[in-house]
Amino acid sequence: MARKPSKPRTKPCPVCEGTGEVSRTVRVGRKRRTVGQQTGLCLNCLGACEIPADD
């Protein structure tokens, strides 16, 4: 009987905590004062919310 190929093991991304997005502080002006935060795609998992378990 043929074996089923196993699904690759994954774990939640520690950077975005499984949301796929991260927040970064936005700074403006010469004094670099903080005006807020902007969300963007997590570069660790590229928005997939999980990474390979062997990393």
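- More than 12 non-hydrogen atoms from other residues, nucleotides or ligands lie less than 6.0 angstrom from CD of Q37.
- Between R33 and V28, some side-chain heavy-atom pair lies under the 4.5 Å cut-off.
- Rounded to the nearest 0.5 angstrom, R9 CZ and E50 CD are separated by 14.0 Å.
- The nearest pair of heavy atoms linking R32 to R27 is NH1-O, 3.8 Å.
- The line from NZ of K11 to SG of C45 is 12.5 Å long, rounded to the nearest 0.5 Å.
- Shortest non-hydrogen contact noted between C16 and C49 is SG-CA, 4.5 Å.
- Between V15 and N44, the shortest heavy-atom contact is CG2-ND2, 3.5 Å.
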